[in-house]
Colleague: 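Okay, here's the structure, questions in a sec.
Remember, it's 1-based here, ligands and their atoms both numbered in the order they're listed.
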Amino acid sequence: METASIGATSKGGLCRLTLTDLDAKVRAWFVAQCEAVGCTVTLDDMGNIFARRPGRDPALPPIAIGSHLDTQPTGGKFDGVIGVLAGLEVLRVLEESGTRTEAAIEVIDWTNEEGSRFAPAMLSSGVFAGAFTRQWAYDRTDRSGVRFEAALDAIGYRGEQACGAHPLSAHFELHIEQGPILEAEDAVIGIVTGVQGMRWYEVTLDGREGHAGATPMRLRQDALLGASRMVVAIAAIAARHAPDAVGTVGLIESRPNSRNVVPGQVFFTVDLRHPDDSVLETMEREMHEAFDAAKGDLSLSVERVWNNQAVSFDPACIDAVRVSAGRLGLASREIVSGAGHDSAYVARVAPTGMIFVPCAGGLSHNEAESAERDHVAAGAAVLLSAVLEMDRRLSAG
Ligand code: GLV
Ligand code: MN
Ligand code: MN
């Protein structure tokens with residue numbers, strides 16, 4: 001609730017976009033809290049923050065707990081934030097109880113998980129895992145043309161360490177489910193087995209501006225009308241591959257956006273997701289066919305800007321989560337994540353697992369997002385237990 005005052009919206013949510021002054025403020029808060037428990041804090045050159053509590057064996061790479069402190073423009077208090085703060089709580093519990101671990105324990109704040117300011121999502125964990133080059137990431141621009149690198153420098157969070165040159169023994173992430181399944185089944189813990197595939201596209205339609213009063217309907221090249229047909233087509237494609245497929249047009253810009261001008265150009269984004277990459281491939285083909293059929297005399301450009309394949313998490317990490325939920329007597333079930341997470345990229349370079357807790361009504365990316373205190377506490381307890389379980393397994397060789 002303390003961090004939720006940084007970027008609070010009038011409807012009870014958060015607007016704390018990545019690499020803004022508000023992001024800098026919550027980062028400073030997080031760094032100060034970690035230093036207060038005796039951690040050493042370092043930064044890499046993508047602005048990822050690592051807070052380390054040393055272990056007995058300096059040769060072992062740290063066991064990491066990571067998530068994100070940035071939010072959507074109308075985000076909630078929990079998406080990402082609880083993963084980082086639960087990590088901080090783990091550090092405090094270890095410190096207060098005088099617990100020594102074999103491996104160091106490290107809490108990570110990954111830069112730009114949300115991707116709403118700089119697409120794609122999970123940009124910095126992506127660089128960490130080698131999915132994108134650092135230069136490509138630096139060159140991403142927001143909708144007003146600001147480069148990622150300039151925004152990172154503006155808040156003063158570019159570190160010395162090369163992103164990715166930081167081995168991890170394992171990575172765990174606690175997150176709200178962001179969907180309705182756990183709540184519907186009265187399960188407190190989701191044992192996350194993987195993350196569904198997701199693809200992002202940027203679409204530009206060019207038509208011709210004209211006078212809204214004097215241009216007859218038959219002579220118009222209305223880019224927004226064409227875009228409308230495409231928005232409907234995306235929903236139809238997702239429906240065709242029900243129940244697992246989803247498709248969203250979430251951002252649309254119409255130019256010149258004047259009430260008495262026929263729209264001459266429209267830019268919009270598409271987000272397609274499915275747990276099976278081959279179905280996603282079919283959905284992409286169907287989208288191209290539908291757009292070609294819908295464009296009429298408009299000129300169309302479609303660029304795929306992100307292809308994040310479905311991910312399966314590490315069996316040992318999944319097992320550490322399962323064993324921990326069992327020991328704590330918590331009702332649990334296995335679940336595949338519908339949302340993207342930094343863990344999806346980190347899984348490429350370190351054994352990785354995730355823990356979900358329910359959120360009210362399955363609502364997320366919404367200012368009304370909410371989670372019960374007991375559920376968050378249970379998730380944090382499973383996180384601590386899974387980290388210690390992993391540490392025992394590591395020291396046992
Ligand atoms: C990340 O928030 C996503 O879009 O799944
Ligand atoms: Mn998140
Ligand atoms: Mn999110």
Colleague: Out of Tyr201, Trp200, Phe118, which one pairs with Trp306 under the ring pair (Phe, Tyr, Trp, His ring centres under 6.0 Å) rule?
Modeller: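 Filter result, single survivor: Trp200.
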Colleague: Does Glu173 reach the side chain of Ser67, with side-chain heavy atoms less than 4.5 Å apart?
Modeller: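 In contact.
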Colleague: Can the ring centres of His175 and His341 be said to be less than 6.0 Å apart?
Modeller: yes
Colleague: So, Gln161 versus Asp45: side-chain donor-acceptor pair below 3.5 Å or not?
Modeller: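 Judged by distance alone, the side chains do not pair up.
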Colleague: A cation-pi test, strictly: NZ or CZ of Arg27 under 6.0 Å from the centre of the six-membered ring of Tyr157 and no more than 45 degrees from its axis. Yes or no?
Modeller: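 Flagged: Arg27 positioned over aromatic ring of Tyr157.
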Colleague: For ligand 1, list the protein residues that place a heavy atom within a distance below 4.0 Å of one of its atoms, sorted by chain and number.
Modeller: Glu113, Glu114, Arg273, Ala339, Gly340, His365
Colleague: Would His341 count as a contact for the Mn ion (ligand 2), in the sense that one of its N, O or S atoms lies under 2.8 Å from it?
Modeller: no
Colleague: Go through the side-chain N and O atoms of Ser364 and Glu369 and say whether any donor and acceptor fall under 3.5 Å apart.
Modeller: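 Their side chains do contain a donor-acceptor pair, which is all the 3.5 Å distance test asks for.
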Colleague: To the nearest 0.5 Å, what is the distance between NE2 on His171 and CD1 on Ile108?
Modeller: 5.0 Å
Colleague: Under 6.0 Å from the CG atom of Asp244, do we count more than 12 heavy atoms belonging to anything else shown?
Modeller: yes
Colleague: Using a cut-off of 2.8 Å, find all protein N, O or S atoms closer to the Mn ion (ligand 3) than that distance.
Modeller: Asp79 OD2, Glu114 OE1, Glu114 OE2, His365 NE2
Colleague: Does any non-hydrogen side-chain atom of Glu113 lie less than 4.5 Å from one of Ser125?
Modeller: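 No; the side chains remain at least 4.5 Å from each other.
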Colleague: Answer yes if the ring centres of Phe132 and Tyr345 are under 6.0 angstrom apart, and no otherwise.
Modeller: yes
